[in-house]
Amino acid sequence: MPLRFHNTLTQQLEEFQPLDGKTVRMYTCGPTVYSYVHIGNFRTFSFQDILRRTLRARGYALDHVMNITDVEDKIIRNAVAAGQSIQDYTAQYTEAFLADSAALRLERPERIVLATEHIHDMTEAISKLSASNHTYESDGSTYFRIGSFPSYGKLSKINLSGNIAGARVDVDEYEKDDARDFVLWKARKPGEPAWDAPMGEGRPGWHIECSVMAMKYLGETIDIHTGGVDLVFPHHENEIAQSEALTGKQFVRYWLHAEHLMVEGQKMSKSLGNFYTLRDILDRGYSPESVRYLLISAPYRKQLNFTFDGLKGAAASIDRLRNFEMRLTGEAFPGGENPEMTSRAAEAAAAFDAALDDDLNTSGALAAVFECIRDANTAMDAGAFLAANKAGARALLDHFDSIFDVLKPTITASSLSDADIDALVTERTLAKKSKDFTRADAIRAELLDKGIIIEDTREGVRWKRK
Ligand code: AMP
Ligand code: ZN
């Protein structure tokens with residue numbers, strides 16, 4: 001069966017192929033960097049990581065753009081309160097977001113772009129929309145007239161009857177039953193950052209930034225656009241209206257939306273105060289790969305309830321996988337090949353792929369791998385797992401980990417014993433001897449990152465904790 005995704009636009013499971021057959025052009029709404037990103041946000045970003053890895057595993061190249069929203073109502077409010085410029089204020093949270101993403105092993109999109117570096121592109125787009133009668137001005141701000149775009153509502157299936165006459169909003173986020181003319185350009189207010197523009201000094205609304213940056217880098221029609229379900233309305237509906245009003249062409253072919261991470265029946269969110277950042281969770285002694293596993297273990301279109309028991313379960317599942325890997329590499333198996341076991345591993349790899357092809361069914365993919373591991377463990381106990389079966393089992397683990405990426409433990413200062421450090425130092429020395437300086441430097445950098453300093457002395461290599 002081919003790769004299929006559920007498209008929010010058509011509400012159907014559809015076979016996926018990029019427009020040009022080779023490269024997937026994909027856009028992701030990135031974080032608004034007014035604070036630390038929470039693990040609810042990371043559920044959506046982790047789904048995008050599984051999507052990326054699956055697309056590549058199916059042979060496609062990727063051109064993936066993610067924006068960073070670095071000018072917005074909450075950012076301005078917080079930066080003013082902190083006595084900082086919005087640049088300084090947002091830089092620290094952008095960095096934290098990238099560091100947390102790396103800790104969760106999320107592949108970096110090919111391009112990460114900042115809203116504030118595209119203001120000119122946005123004012124040009126707004127001028128074009130004005131020239132084609134899609135906007136109006138009021139009190140120095142410019143609004144998109146949704147009545148000028150007849151298919152407004154096609155993504156969220158909102159019913160517009162009697163809702164829109166003359167009503168408009170100045171804020172970037174609003175409720176689903178509030179279909180309103182939305183702001184493209186906000187008139188300057190005292191104390192707020194502002195840019196010069198043909199429509200007067202001011203700053204962009206949130207929605208225009210994504211339309212402009214997506215089309216600038218990816219073209220007028222892109223293959224995939226992702227985000228969490230809370231972005232369907234109004235943000236993505238507004239992106240469609242702006243983009244298609246500008247080009248007259250379909251903006252996005254496949255819209256993919258991740259369901260929420262929940263806490264006791266409610267969406268994890270800043271405003272409800274029921275959130276955890278990755279840092280909060282690591283401070284409690286959990287590993288980043290346990291968080292990663294938990295976030296990706298349920299299919300992205302199902303709500304996932306966050307509990308610490310769930311996190312413990314994720315850690316236990318990773319242990320099961322690692323224990324199997326240890327048996328596989330450490331135990332001596334009788335010679336020969338058990339053909340049943342060989343086909344069992346191949347079947348599991350095929351079932352793993354089939355599950356991912358089915359709209360990224362991660363729980364189905366995990367089940368395929370765990371069932372095979374259970375059978376392999378039983379066979380090992382019974383002496384029926386033979387030396388020539390190792391390769392197939394290894395291949396299955398590698399295949400699994402190229403998508404899930406949880407097998408390798410994260411090294412942290414507290415998890416590193418003296419013996420672990422000695423082993424890494426020896427590995428570095430060997431890497432240097434075999435002229436693998438990239439690996440040698442990587443080990444030094446990794447250790448330094450964990451607060452361990454290596455010194456090359458005449459007597460040999462020494463290390464100390466900072
Ligand atoms: P924001 O910074 O609020 O724009 O959110 C960044 C991304 O996280 C968006 O794609 C949101 O849809 C998504 N998001 C926010 N809260 C949650 C949640 N509780 N579970 C999953 N995704 C979320
Ligand atoms: Zn967006």
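Any value given below was found using the heavy atoms of this structure, including those in side chains, with hydrogens, waters and symmetry copies removed. Atoms within each ligand, like the ligands themselves, are counted from 1 in listed order. From a predicted model like this one, the values you see are computed outputs, not experimental measurements.
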>> Check this for me, if you would: do R394 and E325 make a salt bridge, where the nitrogen-to-carboxylate-oxygen distance has to be below 4.0 angstrom?
In response: yes

> Does Y36 have its ring centroid less than 6.0 Å away from the ring centroid of Y93?
Replying inline: yes

> Are any of the side-chain nitrogens in E244 or K154 under 4.0 Å away from the carboxylate oxygens of its partner?
Replying inline: yes

> Hey, does S269 come in under 3.5 Å of ligand 1, counting only N/O atoms on both sides?
Replying inline: no

>> Is the distance between the ring centroids of Y217 and Y27 under 6.0 Å?
In response: no

>> Counting backbone and side-chain atoms alike, is an N, O or S atom of H235 positioned under 2.8 Å from the Zn ion (ligand 2)?
In response: yes

> Donor-acceptor pair, D223 side chain versus L19 backbone, under 3.5 Å?
Replying inline: yes

>> Is H38 close enough to touch ligand 1? Criterion: a residue heavy atom under 4.0 Å from a ligand atom.
In response: yes

>> Any N/O/S atom from C29 (main chain or side chain) under 2.8 Å of the Zn ion (ligand 2)?
In response: yes

> Can an N or O of R43 be found at a distance shorter than 3.5 Å from an N or O of ligand 1?
Replying inline: no

> Strictly under 4.0 Å, does any heavy atom of K270 approach an atom of ligand 1?
Replying inline: no

>> N41 versus ligand 1: do any nitrogen or oxygen atoms come within less than 3.5 Å of each other?
In response: yes

>> As a check for students: among G40, G228, S271, identify the option with a heavy atom nearest to atom 23 (C) of ligand 1.
In response: G40

> Between M268 and ligand 1, is there a nitrogen or oxygen pair with a distance under 3.5 Å?
Replying inline: yes

> Is G227 in polar range of ligand 1, meaning some N or O pair under 3.5 Å apart?
Replying inline: no

> Less than 6.0 Å separating the ring centroids of F352 and F370?
Replying inline: no

> Using 30° and 60° as the class limits, which term best fits the ring planes of F275 and H38: parallel, tilted or perpendicular?
Replying inline: tilted

